[in-house]
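The structure appears below as structure tokens.
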Amino acid sequence: MTLRRRLVLSIVALVVAVSAVIGAGSIIALASIQTGAIDGQLQKATARASTKFGQGEQSPNGQRPNDDLLQPLGQAAGTLTAYYFSGGRAGGIVLQEDSSRGQLTAAQLDRLGDVKVGVDPATMDLGGELGKYRVAAVQVDNPVLGDAVLVVGLPLAPVYESVWKLLGVVLVVTVLALLVASAVATAAVRRALRPLDRVAETASTVARMPLDRSDALDGVRVPDADPATEVGRVGTAFNRMLGHIGNAMQARERSEQKVRQFVADASHELRTPLASIRGYAELTRRMGADLPPDVVYAMSRVESESVRMTSMVEDLLLLARLDEGREIQFADVDLTGLVLDAVNDAHAASPDHPIEVDLPAEPVEVVGDAARLHQVIVNLVTNARTHTPDGTRITVGIAPCQDGGVDLTVRDDGQGIAPEFLPKLFERFARADSSRSRTAGSTGLGLAIVDAVVQAHGGRVSVTSEPGDTVFTVHLPDRAALVDGDGDGDGAGAGAGAWDAVPERS
Ligand SMILES: Nc1ncnc2c1ncn2[C@@H]1O[C@H](COP(=O)(O)OP(=O)(O)OP(=O)(O)O)[C@@H](O)[C@H]1O
Ligand SMILES: [Mg+2]
């Protein structure tokens, strides 16, 4: 149950409880006050009746006391008087609303006979039309008729009537109070909890945010941060937490930046000594005639390994610069031409691999960096050549996509890539068979560069592989998508700075 509903229900329950207590108290008080008033009247009525009865006038028929003897002037409507002579004779009458007199039944007389003389008034249910009565008994000596006990009673109906009326009023007032209380409580609770909603909203906004940039949380704050209120304290703590996260992200980005800078500087610095090593090795090879064959072999190894290391250092430098968002120079690029160049080069390099192209009739143009895109195609085609046996058929294709972008595919029917290796394929220095690859001069940076370059272009590279069919697909986005935003966000790190350089297409 929501906090809001719980609060409203608690307030409503409280109103019901308070109304019930107040209502019950009022009803009990009213009943006892009215009963007290009736007892007062009963005392007077009893006094009047006993005075009159004590006067001793003879009844006209001699059988029973005169009605006037029992009901003197001044008695209220509903008053009953019963007499009980010691000999057993008894009788009684009730004064009706219309001043006529009704006789009490034998059963009623029987019940009234139980009333004791000299005790406080009691409540008695006489049944029939009479209902409940307050009754009191008194001993009277009539000089003519003899000793008798007089029982006088007053009806409790007025008391019950006012109790019922009050109960009705209490119920109506309670229902009204309930309606008003629930409306007011709902509005007040909603108003009080609105800042909490804003905190929750901010929290879910942050949860949905891609936190790949250190300034992602800048300006994201909960507006309700007044420490005087409970919700404000939550807001303050939340804002402080966002601040800490932002700082941590900035610190992380700074340290990543340092590492990138270090790799870029180191690779850059390594180029010069490597060039010297290569130069001297080459020089030595040229003078090979004067040197023993062992030394010639050793120097040729030095030369070839320095060539390999130079290319590795170049790759590392390129990756570091792509990470920084530099290195990409956008221009209109003829992708078809790049593919044809790369395929021709590959054909010349390994004639044992039949290579086919699958290109649209019209030349395909994209926006990007020609040199880097050329490198992407070369890396993929080289992989298809070097990691497959001779005779493996390679197909390079270009196909326009529905979203306006272009798909570049490099397919081969070689042995395929092990499924457990696929998730790591684009990581740096990842090789499926490291022992064999190393001797073949592979470093495992080729696909990492492909991935980084494609991401810097706002695109993505994917692979599917099974024995006999391995397909690398490079998706390059439409120019509009490239300029508008960061696509699915994963290319943001490398591409963010570069997109400013996207040229206007004429
Ligand atoms: N077409 C392919 N068929 C089979 N395996 C492949 C194919 N392409 C890549 N691989 C596997 O993926 C690994 C990683 O490729 P990647 O291009 O990143 O590195 P590399 O080719 O080993 O070295 P580099 O390209 O840096 O010289 C390769 O070592 C190879 O095992
Ligand atoms: Mg490779």
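Every number for a ligand or one of its atoms is a count from 1 in the order of the listing.
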Point to revise | Steps toward side-chain hydrogen bond (donor to acceptor under 3.5 Å, both in side chains) verdict (R372, Q375) | key: CA-CA 5 Å; R372 300 283 78 92; Q375 196 169 359; 3.1 Å; yes
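- Comment: R260 does not engage D265 in a salt bridge, judged by the lack of any side-chain N to carboxylate O separation of less than 4.0 angstrom.
- Under a 4.0 Å heavy-atom criterion, L425 is in contact with ligand 1.
- For T443, a nitrogen or oxygen atom sits less than 3.5 Å from a nitrogen or oxygen atom of ligand 1, counting backbone and side chain alike.
- If you count the protein N, O or S atoms nearer to the Mg ion (ligand 2) than 2.8 Å, you get 1.
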Practice item. Show your reasoning for whether salt bridge (charged side-chain N to carboxylate O under 4.0 Å, His left out) applies to R385 and D390. Key: CA-CA 8 Å; R385 285 195 297 112; D390 285 350; over 6 Å; no
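- Defined by atom type and a distance below 3.5 Å, a donor-acceptor pair is present between the side-chain atoms of Q34 and S162.
- For S255 and R252, the side-chain atoms include no donor-acceptor pair closer than 3.5 Å.
- Ligand 1 has no nitrogen or oxygen under 3.5 angstrom from a nitrogen or oxygen of R431.
- Using a 4.5 Å cut-off on side-chain heavy atoms (C-beta onward), L422 and L425 make contact.
- Shown here are the salt bridge (charged side-chain N to carboxylate O under 4.0 Å, His left out) partners of R233, two or more places apart in sequence or in another chain: there are none.
- Ion pair E282/R286 flagged as a salt bridge, since at least one NZ, NE, NH1 or NH2 atom sits closer than 4.0 Å to an Asp/Glu carboxylate oxygen.
- Side-chain contact between R411 and T470 is absent, with no heavy-atom pair separated by less than 4.5 Å.
- Proximity of E365 to V406: side-chain heavy atoms (C-beta onward) are nowhere separated by under 4.5 Å.
- The closest non-hydrogen atom to atom 1 (N) of ligand 1, taken over T388, D451, D412, V463, comes from D412.
- Which parts of ligand 1 touch G444 is read off a 4.0 Å heavy-atom cut-off, strictly below it: atoms 18 (O), 19 (O), 20 (P), 22 (O), 23 (O), 24 (P), 26 (O).
- The option with the heavy atom closest to atom 4 (C) of ligand 1, from among L445, V450, I417, V378, is I417.
- At least one heavy atom of F421 sits less than 4.0 Å from an atom of ligand 1.
- No N or O atom of A430 sits closer than 3.5 Å to an N or O atom of ligand 1.
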